Amino acid sequence: MSTAEAAEASMAAARDKYRSFLQDEAEQIQWRHGKPPTYDTVNQLFEEGRTKEWPKGSLEETVQNAIKSWEMEVTHKTRLQDVKSINPDKFKLIVNGREGLSAEETLKAGSYNALLKNSLPEEFKFYKAEEESFESSHEAFRSAFPRGFAWEVLSVYSGPPLIAFKFRHWGFFEGPFKGHAPTGEKVEFCGLGTLKVDESLRAEDVEIYYDPAELFGGLLKGSSIEDSTAAQGCPFSKKT
């Protein structure tokens with residue numbers, strides 16, 4: 001990466017209003033794609049679609065930005081030592097009551113695989129996290145949501161050190177997902193979470209509870225791309 005490109009990436013990172021640790025010692029951090037990410041597109045989606053606009057400095061805004069910062073670090077940093085938003089020695093991510101993942105396990109799996117892993121019978125698995133790599137999981141959802149997958153805090157029920165909150169995730173299904181054609185419709189789900197932090201406000205335990213069927217109901221709604229292609233190629237399916 002050239003000096004000009006690095007400077008441009010650093011300036012873009014510094015402008016992000018919702019995420020910390022993008023600019024801090026950026027040149028010394030091992031970024032997954034060689035430079036700090038930019039969130040302009042998903043920030044626009046967030047600002048246009050959010051249902052709450054929390055006052056600056058409020059507990060709700062602080063929690064919302066803390067989760068966004070944590071997600072950014074887990075997704076874009078490759079070394080645990082560079083992740084500043086968590087306590088690496090104590091961190092656990094627990095989703096829907098499953099066994100918790102350590103900081104290293106979460107970093108390796110990626111946020112999508114960590115959140116979507118489940119113990120359902122094979123025939124009921126919409127998404128098989130154990131068969132996906134970090135890269136393939138993120139590529140699948142980047143494809144489905146070209147403008148990103150926005151996230152907001154709806155409510156905060158308690159303050160630190162054990163923060164309880166309600167959240168909403170949404171995006172527009174505008175690209176293919178696992179053989180399903182895009183519908184252009186909004187896909188969203190809500191859930192509950194708790195965030196235990198230490199005296200430095202670093203995450204120690206994150207617990208998330210939500211219904212994955214709300215997410216996959218929208219993504220599997222699209223017609224099969226293979227079926228659509230076959231129909232287009234069949235001469236008997238066309239009007240004469």
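A quick note: this is a predicted structure, and the numbers were derived from the prediction, not measured. Numbering starts at 1 and runs along the sequence shown.
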inquiry  = Taking Arg142 first and then Glu139, would you say they form a salt bridge - that is, a charged N and a carboxylate O separated by under 4.0 Å?
reply    = yes
So do the side chains of Pro212 and Phe189 get within less than 4.5 Å of each other, counting heavy atoms only? no
Applying side-chain contact (heavy atoms from CB on, under 4.5 Å) to Tyr210 and Leu115, what does each step give before you reach the verdict?
CA-CA 10 Å; Tyr210 75 105; Leu115 291 170; 4.2 Å; yes
- Say whether, by atom type as modelled, one donor and one acceptor occur between the side chain of Lys77 and the main chain of Asp82 under 3.5 angstrom. yes
ask   = Do the two ring centres, one from Phe134 and one from Tyr112, sit under 6.0 Å apart?
value = no
#### Entry: Heavy-atom check, side chain of Tyr127 versus side chain of Leu219, under 4.5 Å
no
* With no hydrogens and no angle check, is any side-chain donor or acceptor of Asn113 less than 3.5 Å from a backbone partner on Glu132? -> yes
Exercise. Any donor-acceptor pair under 3.5 Å linking the side chain of Ser158 with the backbone of Leu162?
Worked result: yes
Discussion item. Set out, in order, the CA-CA distance, both residues' side-chain angles and the distance that settles side-chain contact (heavy atoms from CB on, under 4.5 Å) for Val187 and Phe216, then state yes or no.
Written reply: CA-CA 9 Å; Val187 175; Phe216 289 111; over 6 Å; no
Under 6.0 Å from the NZ atom of Lys92, do we count more than 12 heavy atoms belonging to anything else shown?
yes
- Begin with the C-alpha distance, continue with both residues' side-chain angles, and end with the deciding distance and a verdict on side-chain hydrogen bond (donor to acceptor under 3.5 Å, both in side chains) for Gln64 and Glu60. CA-CA 6 Å; Gln64 182 170 265; Glu60 291 85 357; over 6 Å; no
Looking only at heavy atoms, the pair that brings Ser143 and Pro176 closest together is OG-O, 2.7 Å
* Please answer whether the main-chain N or O of Phe91 pairs with a side-chain N or O of Asn87 as donor and acceptor at a distance below 3.5 Å. => no
Review point. With side chains defined as the heavy atoms from C-beta onward, is the minimum distance between Phe21 and Ser85 less than 4.5 Å?
Key: yes
Item to complete: Would you confirm whether Thr183, through its side chain, and Glu185, through its main-chain N or O, come within 3.5 Å as a donor-acceptor pair?
Response: yes
Legend entry - Check ion pair Arg19-Glu73 (N to O, under 4.0 angstrom): no
Residues Pro160 and Val197: closest non-hydrogen pair is CB-CG2, 3.9 Å
**Study point:** Sidechain N-carboxylate O distance under 4.0 Å for Glu188, Arg168
**Key:** yes
Any side-chain heavy atom of Phe165 sitting closer than 4.5 Å to one from Leu192?
no
**Message:** Taking Asn65's backbone N and O only, do any of them form a donor-acceptor pair with Ser69's side chain (distance below 3.5 Å, no angle check)?
**Reply:** yes
Could you walk me through whether Val83 and Leu107 pass side-chain contact (heavy atoms from CB on, under 4.5 Å), step by step? CA-CA 9 Å; Val83 180; Leu107 196 65; 4.3 Å; yes
Using a strict cut-off of less than 4.0 Å between a Lys/Arg side-chain nitrogen and an Asp/Glu carboxylate oxygen, indicate whether Glu122 and Lys125 qualify as a salt bridge.
yes
| task | Test ring-ring contact (aromatic ring centres under 6.0 Å, His included) on Phe177 and Phe141 and set out the steps. | result | CA-CA 7 Å; Phe177 178 80; Phe141 285 93; 5.2 Å; yes
- Where do Thr41 and Gln44 land on the side-chain contact (heavy atoms from CB on, under 4.5 Å) test, with the steps shown first? CA-CA 5 Å; Thr41 302; Gln44 181 179 349; 5.9 Å; no
A quick test of your reading: do over 12 heavy atoms of other residues, nucleotides or ligands sit less than 6.0 Å from CD of Glu99?
no
Worksheet entry | Check: Thr78 side chain, Gln30 main-chain N or O, donor-acceptor pair, under 3.5 Å | yes
Could you check whether any side-chain heavy atom of Trp54 comes within less than 4.5 Å of a side-chain heavy atom of Thr62, counting everything from C-beta outward? no
Note: Lys178 and Ala140 closest approach over all heavy atoms is CE-CB, 4.2 Å
(Q) Whether the side chain of Lys68 engages the backbone of Trp151 through a donor-acceptor N/O pair (distance < 3.5 Å, no angle test) should be reported. (A) yes
(message) Can you confirm if the NZ or CZ of Arg147 lies within 45° of the ring axis of Phe172 and under 6.0 Å from the centre of its six-membered ring?
(response) yes
Of all heavy-atom pairs linking Ile86 and Ala103, the shortest is CD1-CB, 3.6 Å
With a 4.0 Å cut-off on N to O distance, would you call Arg50 and Glu47 a salt bridge? no
Is the shortest heavy-atom distance from the side chain of Ile163 to the side chain of Val156 under 4.5 Å? yes
- Message: For Asn96 and Asn118, which I'm curious about, is there any donor-acceptor pair between the side chains at under 3.5 Å?
- Response: no
Checklist entry - Do the side chains of Leu116 and Leu215 get nearer than 4.5 Å, heavy atoms only? => result yes
- Message: With a 3.5 Å distance limit and no angle check, can you tell me whether Glu152 reaches the backbone of His169 through a side-chain donor-acceptor pair?
- Response: no
All heavy atoms of Val74 vs all of Ser111, minimum pair found to be CG1-N, 4.4 Å
**Message:** Between Phe46 and Tyr18, is the ring centroid distance below 6.0 Å?
**Reply:** yes
On a heavy-atom basis, the closest approach of Glu105 and Leu101 is OE1-CA, 3.4 Å
So do Phe167 and Leu154 actually touch side chain to side chain, heavy atoms under 4.5 Å?
no
Salt bridge between Glu61 and Lys17, side-chain N to carboxylate O under 4.0 Å? no
